[in-house]
Structure formats: structure tokens, C-alpha cells
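Here is the structure we will look at, set down as C-alpha cells.
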Amino acid sequence: MKCIMGIVPLSAGRITAVVDGVEHDLVGQAPEDIVDLGIVLVPEGRRLFPRLTVEENLLLGAYRRTARAAIARNLAFCFETFPMLAERRMQLAGSMSGGEQQMLTLARALMTAPRILLIDEPSVGLSPLLVIHIINQIRELKERYGLTVLMAEQNFHQAIRIADRGYVIVHGRIEYEGASREELSNNDLIRKLYMGL
Amino acid sequence: MEFPTALVLNAIIAGLLLGGFYAAVSVGISISFGMLDVVNIAHPAFIILGSYVAYIVNERMGLDPIAVSVVLSPLFFVLGLLLYRIYYLCFEKRGQESLRGLAFFFGILFITEVALVLIFGVDYRMVQTAYSETTWRLGPVDFPMRLVVPFLVSVTMVVGVQLFLTHTFFGRAVLAVAQDQLALRLMGVNPTRVKGLAFALSIATAGVAGAFLIVIQPVQPALGREYIGLVFAVCVLGGMGSIWGTLLGAFVLGIAESFTSTFFGPSWAPAVSFGLLLAALAFKPSGLLGR
Amino acid sequence: MSNRTFAAAAFTIALAIVVASRFIPNDYFFSAAYTVLQFIILATAWNILGGYTGYVNFGSAAFFAVGAYSTVFLYKALHPPLPVMILAGTLAAGVLGLAVGYLTLRMRGVFFAIATLALSVVLYTFVVNWDYVGGARGAYILQPREVPFGLRRYIHLLYSAMVLMTALALVVARAIETSFIGRGLAAIRDDELAAECAGVPTLRLKLFSATVSGALMGMAGTTFPFYLSYVEPSAAFNLSYAVNSIAMPLIGGMMSWVGPLIGAVLLGTVQQVVQVTISSAWNLLIVGVLLVLFVTLAPNGIMGWVDAWRRRRKR
Amino acid sequence: MNRLTTWFSAGLLALSLALAAPVHAQQPLKIGFGMSLTGPLAGNGKAALIAMQIWAEDVNAKGGILGRKVELVYYDDQTNPSTVPSIYNKLLDVDKVDLLVSGYGTNVIAPAMPIVMQRNMAFMGLFGLNVNSKFNYDRYFQIMPAGPEPAIGWTQGFFDTAMALAPKPQTIALVGADAEYPALALEGARAQAKRTGLKVVYDKTYPPNTVDFSPILRAIQATNPDLVFVASYPPDSAGMVRAANEVGLKTRMFGGGMVGPQFAALKTQLGPLLNGIVNYETFAPDVAGKFPFLDQFLAKYQGRAVKEGVDPLGFYLPPYAYAMMQVLEQSIKAVGALDQAKLADYMHTYEFDTFVGKVRFAKNGEWAVPRMLTVQYHGIAGNDLEQWMKPGHVTVLAPASYKTGAIMAPYHDNKK
């Protein structure tokens, strides 16, 4: 995912993205230019601006030009999806709990009005209950906005609940590819890897 | 020790007026040092440069120095852009900004100082303005225009900077840039560009503050050194990265200074101011309004 | 080379230099060398806290001035022999260093630097208002007419003392660098939290390093009143001490004791030469330009170059 | 060990390179000094240097001294005392100068003293304050007209004028900067207050980099003093004068020991604000008649000063810098040699006729009789320099033999 965003240089291969019917070559582009295409990453480890308020964090999400146009609608949507954020809009992001921070990270990414959303390990450090909540929110986003979501997640069961397609990557190689939830869950490799069977 | 009302009132007003000026000289540091993590110790040198620019235009064309400085602040902005470019290429890009950046700005401080000496000589320079000798009196309280005009422009400028930083997309990016550059890039913001523009803004404020300085007191090229301690004191006392804090810190130091001067002996004023700073650093390192 | 051998060698060489210098007829050598040596001590001392430990001290001038003013005080109060004054000034500055060491508890990075700057202003104000040591008027410290050890002039004695003190400073710096203390300090510099977790006694090491650094800076200042005969606060607290003691290690290289030595010899000599050749505003310009050039082009100082060159040769 | 030796010898080598300046033939008569050409006192230092260069040209045009051309050897002391010992040792040991004079001001004169004393050189000081009180060196001479007791002589005129007021003033406020000159002037003022029986109601100092002086003046006003004595340097003098105006200071006499109003920069910038202030000066156009031949020097000086960007009036320091060199010139010519002991003897014994008048030295090397002028500025309108070059705006109040008019008291009445 870091390769897609241009943060880590590519060692081999190609990355292209089709946005609005136009194909873009992403290799060699700066992260900020890739974001400008509508491809947004929700980074691992949250990476909020701890000494800014919740609201400021959200507004920063809407920095890019296309996002500014939709800022009111997106903000309203974020507060509706995560009512907790509306309550704490003046609180410093660094002073919130892990789950709250994860929600803010997600909300902030939504503020960029993404076409393709990349989510890196949304469940790290969260309680199982929160993981369910977050995954549900992601599903809602996906369905409501017609977003393309690419998610990397260790928590297989939660992830496949909302996935249209799945890839199992072992040691950096794609070991299995499935197109539906059933296909994914009834698979030897998965069983071996995740359930120790 | 007695505290007659008239003296106390005057001390407060004088302290506020002085604080307004201190805020103007420190707001740039609050941006560059407080928000961008660029330890620009040469900031006072650019203030002095601003003084001389205001001085020349005033002398040649008789224009008001403060108005001149506001009009010419884009020049300082461009200077700031250039300086940041060098700083970025030499230090930030290589990831070794802290100490070497500091030494770099020390060098810039000397170079600016010498350039001014070579061009203008070493004599003290002053300007005369339409309001330099006017004082309003409100009951027992004096409002010398020599300090009131810089105060008003300064507070306008500082509040303007604050509103700009909190109410624009660019401003919020400035606030965020020192906290997490990568995250900022993931929002589609180019942090280097943000830092460059913000640094340029800080130098532009130095240009304007320079005009205040020469309206208030005579200026010579090496005067900037006297302000190094002060600007950092205001910035840290108020709270890193907070413009309101800078304004508050400036007022606190201004009032502390004028009270010490009025009631205890002016000689102790620096010890009181910097003692306050030490105490703040020791007991509340985030400063008065630091986040 | 073990520290003991090094110390023996350093002092032998220092003594040799002292003896050899007796045949130099030119007093200019002594006063110029005095200034350069003084900067070697300051740079070496600064580097113990700044270079080894990573705490940037902006208040070198304050330590220097504490050394100088302790001499002024003792001169007025008791008039003891010179070695006593040197020792007392060193101790006094060491105590200040200990206090600064406690500042490192709460502050890191630039905050620490600003705190030392503030401390310097506060001390300056106290000295200005302390009439016994001359206050703002300054104090006259007369060089004794009789010079011991059969030396021709008092400046020769001051110079000789400076040479020995320089040797001491270098020995101390090298001993710290090569011992477990140096490794502990380096760990603090690289990552204080990790060092603490790894069992490095960070507080004790920081206090030690700040104390030694401060004491050595003060030591450099103890003979200053005799050198000038007249001390006033703005001379003793001169910004040039703070700037030079940072600039010299930067130019020379901060990782080892050799860096500050080279930096001080180089920059100090350039300043001396420029002062008597280009007598105008240009000499400040040269320091500024040197500083900018070195930090932009030789980020690890001269020793950085030397190391890179050595590595290339090995390969 | 090898490394160490290498580094040390590298250092020694570098130093000796610096020492290896070419040694000229003993033809020109070399006069050496350090001067502040950068740093806070550089304005005065440069002005003094111009005066000394004019002197050298004048002398050389007349064929030099003892048939030798005069050459000035000088270095920039950066207004930093720590540079002074090296400069004077270099002048003596490398440049082999024949005579030494001092730079401008106490803090660069004092560090030169031990070196000068070891070599038993005669030494002319340029505006040092009571330097010799500690050194007691019998070959030290000083050109500032403050008299054998500088602190007393400096303040004498202000207090004489004050005590002549009717009714007699009772109280005085003393204020000055935390620096060497103001501290000495305040010391003198305290002694004078004691002598004249004035009650000191305010006695405080302030840091030289103070920005706003109005709190200080309000505190002073609160004590309602008859007299306010100020000892300050140029930037704070300007601040004091402006603040006095803004606060509306009411007192009978204000000023005394302010450095700054002597220079064109402050004269033109402060302009009418100076009206009513009583201060010291070393020259005033009103008493130009007492300074014969000075105008020809000032004409030469003023032409150059504008080009060099230093004080275009040159009333304060430059004539005395020139006079200092005149004293040397006359002594050498009379003695007929460069024997330092004889030169010093001559300077102790005889009176000199210089551009700044007749000068005789007391035992401690100061002027035998103080001649600091106490003046009052008045009738100044606008900010042009011309008015300051002509008589009529600077009344000399003391000493008696120079007096050109009476004081206009109280101070605030001069403000209309």
C-alpha cells in the first residue's frame, strides 16, 4: 500500500489506477499527487495530528481542491457516521482513545472525497467490539458512495464479511484469490493459516 | 512599596503597548520555530533589515515607515521563500536540521549584520513619523502614539495571522506540518511547499516588525542580537505553536517589564522576564497556551 | 592508547610547549595563543554536553563568566594565589553545570538551549547589580608586577596556565569519550528513552556531563580577568563565547575530542589573523560565511571528511 | 600521541604564520592603536579614526615629525575588550610601532594598560573614564576634558547650574544605564548631591536595551524631584527624551550626562524634543570663538564623514582625537626624540595648544582643570541639521569662563 501511495519506492512491477475511466500510471508520482487523483490511504498506526483538534484534523482531510467543494456534505456525513467525533470536535486528537482515533483516521480519509480508499490494518490495537463497529462503518461507506476499498486486514473473519474479492498474501506473495465470501471461507489454505487446522 | 492607582494603570497600559510590539517581533518565531521546527535564530536580523528598508524609504520619500513595511512585505516573503529553499536543500532534505540548521542561521545572522554595516555604516538610525511626538491623555493614563500605532498594527497583524492559520486550509496544514509530514502528504498536501510558504510568512512579519522597531527606538545593525533571547522567550512562554499564546506571552513579558521598571527598579527587568521563562520551562514546559 | 598514557603524553607535550615557548621573543604570540587556547577549552567543554550527549548549551558565556567573576570576587575578598582562583572558578562553574544538568530532566532539544540562554541573561543581570564585583562599572584586576618561575611577563604565566588547562580539558574529554561514560552519553544522544530502558543511568550521566562541561568552561574563564585587567559584564558574557563554542565543534566535528580541537584552532586562528589583516566589518562576515559554508558543505565537520577519507582508503 | 603533536604543531604553525608580517625599514614613524570599527561603539570609533587620519595627512603635508613621515597602524577591536591584548602585543612586537595611543572608551583602554606599562610606553587615552585611578601609571595621559577627578568634573556643571537656581532645589532623581560610563557618571552625581545637600529621591539603573522608558520616568515623576540627572548612551538617551516628552515630565532641570545629543543623528532626529534639556557637550557653535582653528579641521572632517556614514557634525569626539595627536606631535618635536620617559616628562610639565584649546595634564594624566561644557538646548524647530551648525540654539551654562547665557527653568516650560 505504501508503494501505491508513492511513499516506498517500487522495486519491480507496475501500478496503475483507473479513475473516471482514465488510466494513470502511479509509479514515480509523489504521494500528494496520487491523493489528488482520489486515491487515499488510511495509514497503519493512525498518524493523526495529535496537537490539532478533531475538527482541524477533519478539515485538513479536505485540503485537496475537489474535496473542498464537498466539504459541508462530507463533514455532516462524518459526524453522522461517527457521532462521537461531533461531540469531541474541539478535543485534541492526541488525547483520545485508540478506537476514537481510529474512527477519526477513517473519517479524515473520507473528508478527502476519495474514489479509491486504501485501508491499512484498521483493527490494530482495537477491542473486538470496536473492530466489528469499524468494519461495519467501512461497509456502509462502500455501499453508500460506491467507493472502491482496498483493505489489508489480519482479522480475516471480519474482513471477509464485507469483501467482494479477497487475496491471501503469505510472505509477500499472493497465495490464493477468491471472488466471494463463501469461496474465501471454505478454503484449505485459509483454514490452515487462520484456524490452525 | 506603594502602588498608586495612576502608576498601576500606566504600568498596565505601558506593558500592554510594549507587549504588542513584542508580539510583532515574536510572531514570526512562533511560526518558524513553534510550528515548523525551524530554529531561525537569524529572525531578529531580518527585523533589523526591515527597519533599514523602512528607514530608507522614509528618508528618501518621506512615507510612513509602517505603511511602507506593509506594502513591501511581499519582498520579505520572497526572501523567506529563497532562504527556506536553501535551508531545505542543505538540511531538511538530508535530515540533519537541528543543530546544523541553528549554526546555519547563526551564520546568516552575522552575514546580514555585516551587510547592513557595509551598506549603512554603524551609526544609529531613527525615523520621524507624523505621530512620533503625539500623546493622548485619558485621565491619568498616557497613550504615546509612538507605541500605540505599532501596537494596533501589530495586534491586527498577529490576530490576522492567527485567523489565517486556523481558518484556511493552508493555515491548518501549517499547524500540522511539524507533527506528521507523511500524514499530511496523505491528505494531498506538499509539506515542503507548506513549510516554505509559512517560513516566508514568518519573514514577512519580521519585515513589518522592523518598521515598528525603528519607529520605537533607534536602530543599528547589531541591535538584532538583543532580541534573540526575547523572541524565543515570548514564543516559549506563550506556548509553542500557539499564536494566541505568543500574544499572551508578549503581554505578560511587557507587563512584567513595565511593573518591574515602575515599582522595583528597571535593572531587574530582564531577570524577572527570563526568570518567568525559566519557571515556565521548569513547571509548565508547554507554555501558557501550549497544546 | 590508554587514557593514562594519553594523559601522560598530553601533559608532557604541554610542558614541552610551555618550556619551548620561553624562547619566543614575541608577546603577540602569547596573547594570540592565549585566545586560541581559551577557545579550545570552551569548545572541548561544550562538546562534552553538546556533542557527546546531544544537549545544546547556549549559555557557554555564562559559565565562562562565572569562572571570571569568581576570580574577581576572590581577588577582591582574599587575594589568594592564582591556582586557588582557578580551582575555585572551576568548582563554581561546575556547580552551575550541575544545576543546568537538572534542567535536562524536563527539557530536550531547543527548549534546553533556550533555558540555558535564559539562565545566562538572569546571571548577567545579577552580576550587573552586584556592586562588590564592580557591577555595571566593571572591576580592575591588576596583574602582579612580579612574575614567578623566572618568566618575563605575566602574560607568559597566563599562557602557560592556559596550555596546561587545555591539556587537562583534552585529557578529560578523551577519557569521557573512550570510557563507559562516553558510550552511555552517546546512547542518550541517540535515543534517551531507549538508553534508559537499556539500563543506562541517564540522569546521573547527564548530571556528570553537564557538571564537567560547565566546570571546564568556567576554568577557561578564571584567568580572563588577569588577561584583560578590566572585566565588565558585557565583556565576560560576550555573545562570541556562546557562538564560538558551538561553531568550533561543528566545524571540527562533534563525535570525538579531536573535532573541537581542530575547529577551535582553525576558527580561532582565522579570527586572530583576520582581525589584524582585514580590519573592518569584513571579519565578522568571514566567521559567518565559514559557518554557513561548513554546515552546508561539510555537515560532519572536518573530522567527518577525515573519517570518510580514511574509510575510502581502507577499501 | 602522534596525532596530538601534529595538531599542536599545526596550531603553532598557523599562529606563527600570522606573526610573520613583513618588517619594514624604520623609515616612517609608526603610531599604533586599536579602534572600534565594528560593534556598538563603532560610530565613534570610525569618527575618531577619520580625525586621526586627517591629522596624519596634515602632519605629512608639513614634512612629518622629526623628518619622518607618520604612519598610522590600527586594527579593529570590534568594541570587544578581549581583542585588545593581542592587538597591542602585535603592534609592539610585530609592527614595531614607535608610539601607542588608545582606542575609544574605557573598556578598550584598560586592557591595553598592563601591556603599555610593561614596556614603559607613554600612552595617550581617548575618552577613558578614570582608567588610571587603579593603574597609577605615570606615563598615562587622557584627552577628555573631565578634570583630575573625572566623575566630579563630569557632573560639576550640571550641579553648579542647579544650585544657582532660585529657590534652591531640594531633591534630585538619578537614573542611568547599566554600563560602565553611566555608572561612573552616577557615582559622580551621588558625590555632588552629597556635597550640595540635595536629597536623592530616586536612584536606579536600567538595562541598556530597554525599549520603553515611560515606566521609569513615571516612577521618577512620582517622587516629584526638582532635578533629574540622566546618564545614558545614545539609544537610551533617545528613549529617555521621547518618554519624558510623552509622560509630560515636570521638573526643573532634566539631563546632565546623556551621551547622544552630541551627535548629529540624535540632534536631527529628536529636534524640538531636545528643547529645555540640560546636558554636557565638548563643543558648541556658540563658543566657537574659544576654539581657534577648529573650523578648518571640522570642514575637512565633515566632508569625509558624510562619505563614511559617520556623525556628520563631528563636534564631540573627533576634535579631541585630533588634539590627542597634536599633544604627541608637539611633545616629540620639543623632545626631539622618541624617548618615552622624556616624552612623558614633557607632557607632565608643559601646556599644549591644541584645536580644543590649551591643555595641561594633572599628575594622574587627566586634564588639570575640568572643562566639560554644560549646555541647554532651546529654540529648536524642525529636524534639519543646519540650525545645529550655527550659534543660537545651544546656550553654554558652565563653566563660567565659557558661559553664554542663563538657564531657562523649569524644564517643562521650554515645551511651550
Side-chain angles (χ1 to χ4, degrees), chain A residues 1-2 4-8 29-69 71 90-95 101 104-105 107-114 117-120, chain B residues 30-37 88-89 92-93 95 161-198 235-236 238-246 284-291:
Chain A
M1 282 189 176
K2 285 185 177 159
I4 299 176
M5 294 311 296
I7 299 167
V8 177
Q29 296 227 46
E32 49 269 29
D33 298 328
I34 295 170
V35 173
D36 238 15
L37 296 174
I39 303 170
V40 174
L41 172 71
V42 180
E44 183 190 358
R46 299 184 194 118
R47 309 208 76 134
L48 291 169
F49 304 111
R51 279 172 288 126
L52 292 186
T53 63
V54 168
E55 187 171 22
E56 284 166 335
N57 266 284
L58 288 175
L59 290 175
L60 258 176
Y63 190 87
R64 70 188 197 99
R65 218 155 292 280
T66 36
R68 291 188 197 185
I71 188 164
M90 291 327 236
Q91 191 178 336
L92 291 187
S95 65
Q101 289 194 11
L104 180 55
T105 320
R108 187 180 63 177
L110 290 177
M111 293 296 295
T112 58
L117 190 61
L118 315 177
I119 307 179
D120 202 354
Chain B
S30 192
I31 297 172
S32 59
F33 170 57
M35 293 168 188
L36 310 178
D37 272 348
Y88 171 74
L89 290 176
E92 283 196 341
K93 211 171 163 193
V161 168
Q162 162 72 12
L163 293 179
F164 174 71
L165 289 178
T166 48
H167 285 78
T168 62
F169 287 98
F170 175 75
R172 284 186 287 264
V174 173
L175 296 178
V177 73
Q179 299 182 28
D180 194 334
Q181 296 211 12
L182 180 61
L184 205 56
R185 300 186 85 175
L186 293 176
M187 310 284 103
V189 188
N190 179 346
T192 312
R193 211 173 134 258
V194 167
K195 284 185 96 169
L197 291 171
C235 173
V236 172
M240 292 282 285
S242 160
I243 301 288
W244 289 134
T246 300
K284 194 169 185 306
S286 58
L288 295 171
L289 294 184
R291 287 178 166 186

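In what follows, every chain begins at residue 1, and chains take the letters A, B, ... in the order their sequences are listed.
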**Request:** Measure across B:Leu175 and A:Leu52 and return the closest heavy-atom pair with its distance rounded to 0.1 Å.
**Result:** CB-CD2, 3.6 Å
**Message:** Is A:Ala62 close to chain B through its backbone or its side chain, or both, or neither, when contacts mean heavy atoms under 4.5 Å?
**Reply:** both
**Asked** What distance separates A:Leu60 CG from B:Gln179 CD, expressed to the nearest 0.5 Å?
**Response** 9.0 Å
**Asked** To the nearest 0.5 Å, what is the distance between CG (A:Leu59) and CE (B:Met187)?
**Response** 12.0 Å
**Asked** Is the backbone of B:Arg172 close enough, under 3.5 Å, to the side chain of A:Glu56 for a donor and an acceptor to pair up by distance?
**Response** no
**Message:** Heavy-atom pairs under 4.5 Å with chain A - which of B:Ala173, B:Ala178, B:Pro191, B:Ala176 has more of them than the others?
**Reply:** B:Ala176
**Prompt:** To the nearest 0.5 Å, how far apart are CG in B:Leu186 and CZ in A:Arg47?
**Reply:** 7.5 Å
**Message:** Please classify the contact between A:Ile71 and chain B as side chain, backbone, both or neither, with a heavy-atom cut-off of under 4.5 Å.
**Reply:** side chain
**Fill in**
Ranked by heavy-atom pairs below 4.5 Å to chain B, first place among A:Gly94, A:Pro114, A:Ala30, A:Pro50 goes to A:Pro50
**Fill in**
All heavy atoms of B:Gly188 vs all of A:Glu32, minimum pair found to be C-CB, 3.7 Å
**Complete:** B:Phe169 and A:Tyr63 have their tightest heavy-atom pair at O-CE1, 3.3 Å
**Complete:** Okay, B:Leu184 and chain A: the region with an atom under 4.5 Å from a heavy atom over there is both
**Asked** For B:Arg193, does the CZ atom sit with more than 12 other heavy atoms under 6.0 Å from it, leaving out its own atoms?
**Response** no
